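Some notes on the structure that comes next.
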2 protein chains.
Amino acid sequence: MASRDTQHEKLTEAQDRFVASWGQMAGAWGISRTMAEAHALLYITGKPMNTDEIMDRLQISRGNASMSIRALLDWGIISRTHKRGDRKEYFEADQDIWSMFRSIVRERMKREVEPLLATLFEIRDSSPAPDEASGDQQKELLAHQKRLEEMLSFLQTMEKLSHRFVSPSGSGLELAAKLLTKFDK
Amino acid sequence: MASRDTQHEKLTEAQDRFVASWGQMAGAWGISRTMAEAHALLYITGKPMNTDEIMDRLQISRGNASMSIRALLDWGIISRTHKRGDRKEYFEADQDIWSMFRSIVRERMKREVEPLLATLFEIRDSSPAPDEASGDQQKELLAHQKRLEEMLSFLQTMEKLSHRFVSPSGSGLELAAKLLTKFDK
DNA sequence: TGGTTCTTTCAGAATAAATTGAAACAAGAC
DNA sequence: GTCTTGTTTCAATTTATTCTGAAAGAACCA
């Protein structure tokens, strides 16, 4: 039987590997590696940690740790805690992956899709009107309008979908997802 | 009534704005701005364009254009065409947004989620076994396993979902999405 | 109040990613 | 074969992003 220490080493190693692979994926999604690693660390250890512990474990500077933690708080996927008799702030990750996922989707819609939608509406409204043209040009303008409309309609559907399932209150998504995969093939 | 030239200027301006806002969003999703802009340009103009036209319109180098186009082809959201009597290659964007969306999701799952899943399985299998420990340590190892399992189960559900709806053949997603937003609240 | 502990900020440094441009490569045409 | 036209590659450069560390800012205590 493995010793307590060996077990603990292996656990730490597994955690580190989890953190690293999580961080690796982050880049592909426009999230900074450190931010993702901090989140992964809090998630996989399950323990509240303070800034110094996170700094030490991830080998990052105090400034970086502070900013990454702040960003995770803004995303709503970690929260502050306190330890009796300790003035330091502790942070812990939301342990419910689906709720975490909802937070991320909600934020990304708000930050990226909503502004894009607003811009596209503007563009549509300032595009030349087809009815003032004729012949080939009219055709071209109509096609332009159609493409804009289709993009708008797609994004609006996505928006509604996300509100429907990802709203602060309603869960449902998890159930729906699992049900949908039931009817496989 | 506006002159043909004014109309055309306005159309070009609207296209440029579309291209710019599309490119802007790309960064947030881990896609290079230029690649997104090239795609937006092909989508919004609806016309097949060759490398030189894309270079000129986006003000980028030949090398950059070539690499961005290649990447879009790899993603399967643009395709090659040819013009009679012209040796240049032309490129055109898939005009169906939902099919485009399916291609993107399919590729991202393949490139990012699948490898992550593989790594997580490995990590799970090399994590220390709880049954060789006792007391608090056993509890800790069990909790670690549980967190890994939940993450794996989440990602697997996502994988299945994406295969279900995003598969090369089946569409369905569009209909499902629209239906789901029908029962709005 | 001054002292202590912890947190945030931000200019500059380090690092990573995108872009260029020229050379190498391909595919006809003749 | 050579010449022409079009495409790809990649080392060097430019640009953008992330990270650091020290200083400033809070919050609490006695």
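Note on naming: letters A, B, ... go to the chains in the order of the sequence lines (proteins, then strands), and numbering restarts at 1 for each one. The structure displayed is predicted, hence computed values, not measured ones.
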**Request:** Figure out the CG/P separation between A/D52 and C/dT5, and round it to whole Å.
**Result:** 13 Å
**Fill in**
Note: contacts of residues 53-75 of chain B with DNA chain D (heavy atom, under 4.0 Å) are B/R62, B/G63, B/S66, B/M67, B/R70
**Item:** Between P of D/dA27 and CD of A/E89, the distance in whole Å
**Value:** 11 Å
**Prompt:** Could you give the CG-to-C1' distance, from B/N50 to D/dT7, as a whole number of Å?
**Reply:** 12 Å
**Message:** According to ring pair (Phe, Tyr, Trp, His ring centres under 6.0 Å), who are the partners of A/F18, at least two apart in sequence or on a separate chain?
**Reply:** A/W22
**Prompt:** Any donor and acceptor pair, going by atom type alone, linking the side chain of B/S68 with main-chain N or O of B/N64 inside 3.5 Å?
**Reply:** yes
**Item:** Candidate pair B/S127 and B/H144, rule side chain to side chain contact (heavy atoms under 4.5 Å, CB included), full reasoning
**Value:** CA-CA 9 Å; B/S127 289; B/H144 169 80; 3.0 Å; yes
**Prompt:** Any side-chain donor-acceptor pair under 3.5 Å between A/R17 and B/S126?
**Reply:** yes
**Item:** Contact residues, residues 24-35 of chain A to DNA chain D [heavy atom, < 4.0 Å]
**Value:** A/S32, A/R33, A/T34
**Request:** Could you check how far NE2 of B/H82 sits from C1' of C/dA27, rounded to whole Å?
**Result:** 12 Å
**Request:** Determine, for B/K110 against B/E114, whether the closest basic-nitrogen to carboxylate-oxygen distance falls under 4.0 angstrom.
**Result:** no
**Request:** Please test B/E149 against B/R124 for salt bridge (Lys or Arg N to Asp or Glu O under 4.0 Å), starting from the C-alpha separation and ending with a verdict.
**Result:** CA-CA 8 Å; B/E149 294 293 352; B/R124 182 190 60 179; 3.3 Å; yes
**Prompt:** Cation over ring, B/R108 on A/W29, under 6.0 Å and within 45°?
**Reply:** yes
**Prompt:** B/R87 has an atom CZ; how far is it from atom C1' of C/dA29, in whole Å?
**Reply:** 7 Å
**Message:** What is the distance, to the nearest angstrom, from the CZ atom on A/R80 to the C1' atom on C/dC6?
**Reply:** 12 Å
**Complete:** Atom NZ of A/K83 and atom P of C/dC6 are separated, to the nearest Å, by 14 Å
**Prompt:** Do B/R33 and B/Q24 have side-chain N/O donor and acceptor atoms under 3.5 Å apart?
**Reply:** no
